[in-house]
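Reviewing the structure listed below.
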Amino acid sequence: MGILGMTVGYVLFSILHFFQFVLAVTVCGLYGVDLQRARSQGKYIDGKWVYAEVCGGLAALTAILYMVPFILRFAAVTIWSFVLFVLWIALFGLFGSMYIHEDPEGNGDIQRMKNAVWVDLANALLWLIGFIGSAAYWWTHRERRSRFTGRASLGRNASTRSRSTAAWTA
């Protein structure tokens with residue numbers, strides 16, 4: 001079953017990647033405000049905010065690429081999703097230690113950064129879900145077929161022969 005010829009799994013992955021993209025762009029906007037302010041005032045641009053922008057940019061680009069159907073079939077998708085999860089968790093830890101216990105006292109900038117920390121955590125959780133989902137997808141669809149006709153099932157390890165080599169040499 002599917003919608004317009006797409007499988008349910010692809011539709012669910014597309015929805016997940018759409019939300020990953022939206023939250024990544026949101027993070028770019030939340031942290032970009034401070035970077036733009038520092039640049040316009042000629043002040044030092046902190047590497048922590050640049051790291052947040054890099055995480056957001058990589059996640060947004062990856063989410064767009066993952067919406068292409070055939071890309072999800074590669075095992076590297078699972079590994080890259082895990083790498084992005086680790087990057088988001090590091091970002092959450094970095095800014096969480098700075099802003100979670102901070103009292104905004106009416107300061108809109110601190111409140112914005114407190115909100116950005118929770119968006120970082122939501123991003124990390126979405127990439128964790130994507131990692132688990134892509135690992136499950138790859139694990140369940142790993143059975144391969146023959147190259148030319150696609151009719152023969154090759155199983156898990158197609159490189160081993162069914163007969164021992166001693167039978168061939170005797």
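Between the CG atom in Asp103 and the CD1 atom in Ile110 there is a gap of 8.0 Å [rounded to 0.5 Å]. Note: Ile79 CD1 to Leu84 CG = 12.5 Å, rounded to the nearest 0.5 Å. Interatomic distance, Cys28 SG to Leu35 CG, rounded to the nearest 0.5 Å: 10.0 Å. Separation of atoms CD1 (Ile89) and CG (Leu121) is listed at 6.0 Å; rounding is to 0.5 Å. Separation of atoms CD1 (Ile71) and CD1 (Ile64) is listed at 11.5 Å; rounding is to 0.5 Å. Between the CD1 atom of Ile129 and the CG atom of Leu12 there is a distance of 11.5 Å, given to the nearest 0.5 Å.
Linking Ile, Leu, Val, Met, Phe, Trp and Tyr whenever their side-chain heavy atoms come within less than 4.5 Å leaves Val33 and Tyr31 in two separate clusters. In terms of hydrophobic clustering, with Ile, Leu, Val, Met, Phe, Trp and Tyr side chains grouped at heavy-atom distances under 4.5 Å, Tyr44 and Met98 are assigned to different clusters.
Two rings, from Phe131 and Phe85, have their centers 6.0 Å or more apart.
Every residue meeting the ring-ring contact (aromatic ring centres under 6.0 Å, His included) condition with Phe92, not counting sequence neighbours, appears here in chain and number order: Trp118. Evaluation of the side chain to side chain contact (heavy atoms under 4.5 Å, CB included) rule for Phe18 yields Val22, Met67 as partners, not counting sequence neighbours. By the side chain to side chain donor-acceptor pair (under 3.5 Å) test, Thr78 is found to be paired with Ser134, residues two or more places apart in sequence or in another chain being considered. Residues meeting the salt bridge (charged side-chain N to carboxylate O under 4.0 Å, His left out) test with Asp109, sequence neighbours left out: Arg37, Arg112. When the side chain to side chain donor-acceptor pair (under 3.5 Å) test is applied to Glu102, no partner is found at least two apart in sequence or on another chain.
In this structure, a donor-acceptor pair under 3.5 Å is absent between the side chains of Tyr99 and Asn115. Defined by atom type and a distance below 3.5 Å, a donor-acceptor pair is missing between the side-chain atoms of Asn107 and Gln111.
Looking at heavy atoms from C-beta onward, Phe95 lies out of side-chain contact with Val119 at the 4.5 angstrom threshold. Side chains of Tyr66 and Ser81 form a contact here, defined as non-hydrogen atoms less than 4.5 Å apart.
The nearest pair of heavy atoms linking Ile100 to Lys114 is O-NZ, 2.7 Å. For the residue pair Val117 and Gly96, the shortest heavy atom distance occurs at CG1-CA, 3.7 Å.
Aromatic ring pairs are classed by plane angle as parallel below 30°, tilted from 30° to 60° and perpendicular above 60°; the pair His17 and Trp127 is tilted.
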Between Trp88 and Val27, is the side-chain contact (heavy atoms from CB on, under 4.5 Å) condition met? List the steps. CA-CA 11 Å; Trp88 282 112; Val27 164; 3.9 Å; yes
Which donor-acceptor pairs under 3.5 Å do the side chains of residues 47-62 make with protein atoms, sequence neighbours left out?
{"from": "Trp49", "atom 1": "NE1", "to": "Asp34", "atom 2": "OD2", "distance (Å)": "3.1"}
{"from": "Tyr51", "atom 1": "OH", "to": "Leu87", "atom 2": "O", "distance (Å)": "2.9"}
{"from": "Glu53", "atom 1": "OE2", "to": "Gly32", "atom 2": "N", "distance (Å)": "2.8"}
{"from": "Thr62", "atom 1": "OG1", "to": "Leu58", "atom 2": "O", "distance (Å)": "2.7"}
{"from": "Thr62", "atom 1": "OG1", "to": "Trp80", "atom 2": "NE1", "distance (Å)": "2.9"}

